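Notes for the one structure printed next.
Not measured: the values here are computed from a predicted model.
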Amino acid sequence: MPTVEFEGNTFQVDEDGFIDDFNNWNESWVQYVKGTEGIENLTDEHWKVINVLQEYYKKNGIAPMVRILSKVTGYKLKYIYELFPSGPGKGACKMAGLPKPTGCV
């Protein structure tokens, strides 16, 4: 399994660059993914999406569908794509430390 080293942390990642275990997530991982996603500054809106994803994952063991993410955050899908240019599945879930979604996120 590939590894990523960033800010003194080593992260195991899968072939798509998602962290291997949600429990290994920390804010250093967020900073790393932010750079790879081309996001200059994280706003409260970014953190709201990240927190919603993590809370849902902790309760349900999967990432929420886009419809649920949009409803809980109050953000339209278009705005979520503005926050995370590679989308809620690839960018937001990766940043939140969730496994790569298999369904429609």
Side-chain angles (χ1 to χ4, degrees):
M1 187 171 269
T3 60
V4 169
E5 297 208 16
F6 185 76
E7 294 183 342
N9 293 285
T10 302
F11 302 98
Q12 299 286 326
V13 297
D14 67 13
E15 63 277 355
D16 295 310
F18 284 76
I19 197 168
D20 71 328
D21 185 342
F22 177 73
N23 295 312
N24 295 332
W25 178 91
N26 63 36
E27 287 197 31
S28 180
W29 175 254
V30 175
Q31 295 304 316
Y32 168 74
V33 176
K34 178 184 88 152
T36 66
E37 291 291 309
I39 298 170
E40 194 167 319
N41 295 308
L42 290 175
T43 63
D44 289 342
E45 288 85 5
H46 287 99
W47 281 107
K48 183 174 183 179
V49 172
I50 291 167
N51 290 329
V52 166
L53 287 169
Q54 289 182 336
E55 289 170 19
Y56 190 92
Y57 182 77
K58 286 175 189 174
K59 283 184 182 175
N60 302 288
I62 60 170
M65 292 185 294
V66 172
R67 178 177 52 83
I68 294 171
L69 180 62
S70 184
K71 182 178 180 180
V72 174
T73 61
Y75 302 150
K76 296 196 179 297
L77 183 57
K78 181 179 178 185
Y79 185 64
I80 294 172
Y81 271 94
E82 289 175 17
L83 292 172
F84 300 93
S86 63
K90 186 168 188 246
C93 284
K94 184 186 280 188
M95 194 173 287
L98 277 58
K100 182 179 179 184
T102 57
C104 182
V105 174

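- Note: Lys90 NZ to Phe84 CZ = 13.5 Å, rounded to the nearest 0.5 Å.
- A continuous path of ILVMFWY side-chain contacts below 4.5 Å connects Ile80 to Val72, so both sit in one hydrophobic cluster.
- The side chain to side chain donor-acceptor pair (under 3.5 Å) check on Glu7 picks up Ser28, with sequence neighbours excluded.
- Lys48 NZ: more than 12 foreign heavy atoms inside a 6.0 Å radius.
- Residues Leu53 and Pro88 fail the side-chain proximity criterion, which asks for heavy atoms closer than 4.5 Å.
- When the side chain to side chain donor-acceptor pair (under 3.5 Å) test is applied to Asp20, the partners found at least two apart in sequence or on another chain are Asn24.
- The same ILVMFWY cluster, assembled from side-chain heavy atoms under 4.5 Å apart, contains both Leu42 and Val33.
- Here Thr73 contributes atom OG1 and Leu83 contributes atom CG; the two are 9.0 Å apart, rounded to the nearest 0.5 Å.
- At a threshold of 4.5 Å between non-hydrogen side-chain atoms, the residues Lys34 and Gln31 count as touching.
- A pairwise comparison of heavy atoms in Ile39 and His46 identifies CG2-NE2, 3.8 Å as the closest pair.
- Rounding to the nearest 0.5 angstrom, the gap separating the CE atom in Met65 from the NZ atom in Lys71 is 10.5 Å.
- A donor-acceptor distance shorter than 3.5 angstrom exists from the side chain of Asn26 to the backbone of Trp29, with no hydrogens or angles considered.
- Checking side-chain atoms of Asp21 against main-chain N and O of Asn23 turns up a donor-acceptor pair under 3.5 Å.
- Under the 4.5 Å side-chain criterion, counting only non-hydrogen atoms from C-beta, Val66 is not in contact with Leu69.
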For a quick test of your reading: what N or O donor-acceptor pairs under 3.5 Å do the side chains of residues 94-101 make, sequence neighbours left out?
unit_1, atom_1, unit_2, atom_2, d
Lys94, NZ, Asp16, O, 3.2
Lys100, NZ, Asp16, OD2, 3.0

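- Among all heavy-atom pairs drawn from Thr3 and Val13, the shortest one is N-CG2, 4.5 Å.
- The CH2 atom of Trp25 lies 7.0 Å from the CD1 atom of Ile50; values are rounded to the nearest 0.5 Å.
- Residues Tyr32 and Phe11 place their aromatic rings such that the two centres sit no closer than 6.0 Å.
- Of all heavy-atom pairs spanning Tyr56 and Ile68, the tightest one is OH-CD1, 3.8 Å.
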